[in-house]
Amino acid sequence: MTADALTMDKIVSLARRRGFVFPSSEIYGGLGSAYDYGHYGVLAKNNVKARWLEAMTQERDDIVALDSAIILNPRVWEASGHVAGFTDPLVDCRTCKLRFRADDLASAQCGRKPSKHPGETEECDLTEPRRFNLMFETHLGPMHETADKVYLRPETAQGIFVNFKNVLQLARRTPPFGIAQIGKSFRNEITPGNFLFRTREFEQMEMEYFVPPDEADRWYAYWIEERLGWYTRYGIRPGHLRVREHDADELSHYSKATSDIEYLFPIGWSELEGIANRGDFDLTQHSEHSGTKLEYVGPDGERYTPHVIEPAGGVDRALLAFLVDAYDEEVVAERERVVLRLHPRIAPVKAAVLPLIAKDEQMVSRARSLYEDLRRRHVVEYDDGGAIGRRYRRQDEIGTPFAFTIDEQTLEDDTVTVRDRDSLAQKRISIDSARAWMDDALERPWNTPKAG
Ligand code: ATP
């Protein structure tokens, strides 16, 4: 399906219909831009995180993992510049009573008809921009008045910087080396929206790569390519990705250079992940504020503050991109089907095991034993509910790449059919080889025809 024909509503509706993502606290009327993940959403999101962690840590030997606390000593956020500077400029409209990000009026809609961008009609009465800090505050301790004010982290990166020395010493790393972390972040966004694209609570996948200062430019270019390659490896169409370098006036206070990997979402080209050259800003700031020197000292006494290259992506935003890119509608044998052409290693369920006739005890028993064998290694689903066509369609909509069907012939010659989600081709293999066949299918480089 081409990008311009796909709306976010179709993704939201499929996600809900098939139990990937629900609006949060729905029975109480929901909570703006908060979502709960259902079974398939959890499985798919875990796959996104697992593939990232694999690429960052398992497939290379220069990056280690970390899981730092969400609530850190508040001085961390003073040193990082977030207390003073993690703000968005906010304007209110006195006429329509809506609130906008002053730096993004061009993509906002005024609340009155005919809808225009805020400030474009004479009726708009915008306040002067005010700086609004995006960090959520809370209190540590039982007595609100005397308790310490702390913050829910707005990014995972600072938890990495404050552990730099631990990793340097205990993981015995020398630059270039990286620390990777996945975890929840919280931002009191002024204009959340567009489903999972921008929420106030979300998960990030961030990696801080510490390098000798004179190698920073090279590693910055390297990580842009590396991250682009990760998205295409897991099935995103290269034509739906682009790199956009920030102009000097767009750069964050810490950044020497930043490039966004953008994806062609139904809302248009938007940031999927940012790769920043943070220079020595963070380690220098934390050295000064904490009094602990965060530097590298080599065996022959050379010392320097490493520079940092940071690929920072969002788990939920990445999952949204995978769903959008995979969504397809087509007509097969005069019937329309919706299919998620997810990469098998991102797909929540790897295979379905289906007895052709649910009332046939022998078929059911063969199907159950194949299912129990396969699930020892893979997430697979057994389904005997309803006509076979309907069961296939259900699996297509959740993106299950393979289906094994047990039929009359299975009972005669111990073979099963394997149906391919994308080509719809069916072939017979021996039931005993099904597990090895799946192991192999999930290892193979994957290529599905996608339009556009
Ligand atoms: P944006 O410009 O979209 O607000 P950002 O440049 O502030 O994003 P970063 O601080 O670079 O974002 O965060 C890294 C990644 O975290 C983003 O590329 C995105 O994938 C994800 N992310 C950031 N904010 C949100 C959010 N509110 N909801 C979901 N994901 C987010």
Side-chain angles (χ1 to χ4, degrees), residues 8 11 21 24 31-35 37 41 45 48-49 52 77 80-82 85-90 100-104 106-108 132-136 152-161 180-208 220 223-224 227-228 230-231 236 241-247 249-265 267-278 281-282 308-324:
M8 197 70 98
I11 301 296
V21 180
S24 183
L31 176 71
S33 294
Y35 295 94
Y37 285 84
K45 189 156 84 129
V48 171
K49 293 192 276 187
W52 186 87
W77 305 108
S80 68
H82 283 80
F86 192 55
T87 57
D88 274 344
L90 170 154
F100 308 101
R101 259 173 72 167
D103 59 349
D104 200 19
S107 62
F132 172 75
N133 197 303
L134 302 182
M135 280 199 293
F136 279 97
L152 302 185
R153 68 178 174 201
E155 60 174 35
T156 61
Q158 299 304 323
I160 296 179
F161 297 129
Q181 162 154 253
I182 298 178
K184 286 254 169 155
S185 292
F186 304 82
R187 297 182 187 178
N188 205 356
E189 299 274 5
I190 298 169
T191 50
N194 292 314
F195 195 35
L196 303 176
F197 183 83
R198 190 181 302 286
T199 51
R200 296 193 173 101
E201 172 183 344
F202 54 97
E203 263 182 297
Q204 287 189 304
M205 326 184 259
E206 296 194 293
M207 195 277 289
E208 309 303 319
Y220 171 61
W223 278 109
I224 295 172
R227 295 302 304 144
L228 267 176
W230 184 81
Y231 288 104
I236 302 269
L241 291 167
R242 71 178 189 195
V243 176
R244 188 183 69 82
E245 176 128 37
H246 284 207
D247 296 333
D249 60 354
E250 230 186 308
L251 292 176
S252 314
H253 59 280
Y254 54 75
S255 174
K256 297 181 107 162
T258 298
S259 289
D260 288 344
I261 296 179
E262 295 189 332
Y263 177 73
L264 187 54
F265 286 99
I267 52 171
W269 287 102
S270 311
E271 174 178 341
L272 180 57
E273 165 159 351
I275 293 98
N277 175 352
R278 301 177 71 119
F281 177 83
D282 306 278
V308 171
I309 309 302
E310 173 197 75
V315 177
D316 317 77
R317 212 178 270 189
L319 178 61
L320 179 61
F322 282 117
L323 291 175
V324 165

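Residue numbers start at 1 and run along the sequence shown. We count ligands from 1, going down the list as the structure has it; atoms in each ligand are counted the same way. Just so you know, these numbers come straight off a predicted model, no measurement behind them.
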Please work out whether the ring planes of Phe186 and Phe136 are parallel, tilted or perpendicular, with thresholds of 30° and 60°. perpendicular
Check the side chains of Ser259 and Tyr220 for a donor-acceptor pair under 3.5 angstrom, ignoring hydrogens and angles. yes
Please name all residues satisfying side chain to side chain donor-acceptor pair (under 3.5 Å) with Glu271, sequence neighbours left out, ordered by chain then number. none
For Thr191, what residues pass the side chain to side chain donor-acceptor pair (under 3.5 Å) criterion, not counting sequence neighbours? none
Please enumerate all residues that pass side chain to side chain contact (heavy atoms under 4.5 Å, CB included) together with Thr199, with sequence neighbours excluded. Tyr35, Phe202
Would you tabulate the polar-atom pairs, meaning N/O of ligand 1 against N/O of the protein, with distances under 3.5 Å, reported to 0.1 Å?
| residue | atom | partner | partner atom | Å |
| --- | --- | --- | --- | --- |
| ligand 1 | 3 (O) | Arg198 | NH1 | 3.3 |
| ligand 1 | 3 (O) | Arg198 | NH2 | 3.0 |
| ligand 1 | 3 (O) | Arg317 | NH1 | 3.2 |
| ligand 1 | 3 (O) | Arg317 | NH2 | 3.1 |
| ligand 1 | 4 (O) | Arg198 | NH1 | 2.7 |
| ligand 1 | 6 (O) | Glu271 | OE1 | 3.1 |
| ligand 1 | 6 (O) | Glu271 | OE2 | 3.4 |
| ligand 1 | 7 (O) | Arg187 | NH1 | 3.1 |
| ligand 1 | 10 (O) | Arg187 | NH1 | 3.2 |
| ligand 1 | 10 (O) | Arg187 | NH2 | 2.9 |
| ligand 1 | 13 (O) | Gln204 | NE2 | 3.2 |
| ligand 1 | 16 (O) | Gln204 | NE2 | 3.3 |
| ligand 1 | 18 (O) | Glu271 | OE2 | 2.6 |
| ligand 1 | 18 (O) | Leu272 | O | 3.4 |
| ligand 1 | 20 (O) | Leu272 | O | 2.9 |
| ligand 1 | 20 (O) | Gly314 | N | 3.0 |
| ligand 1 | 27 (N) | Glu189 | OE2 | 2.8 |
| ligand 1 | 27 (N) | Thr199 | O | 2.8 |
| ligand 1 | 28 (N) | Phe197 | O | 3.4 |
| ligand 1 | 28 (N) | Thr199 | N | 3.0 |
| ligand 1 | 28 (N) | Thr199 | O | 3.4 |

Close aromatic pair by centroid cut-off 6.0 Å: Phe195 and Phe197: no
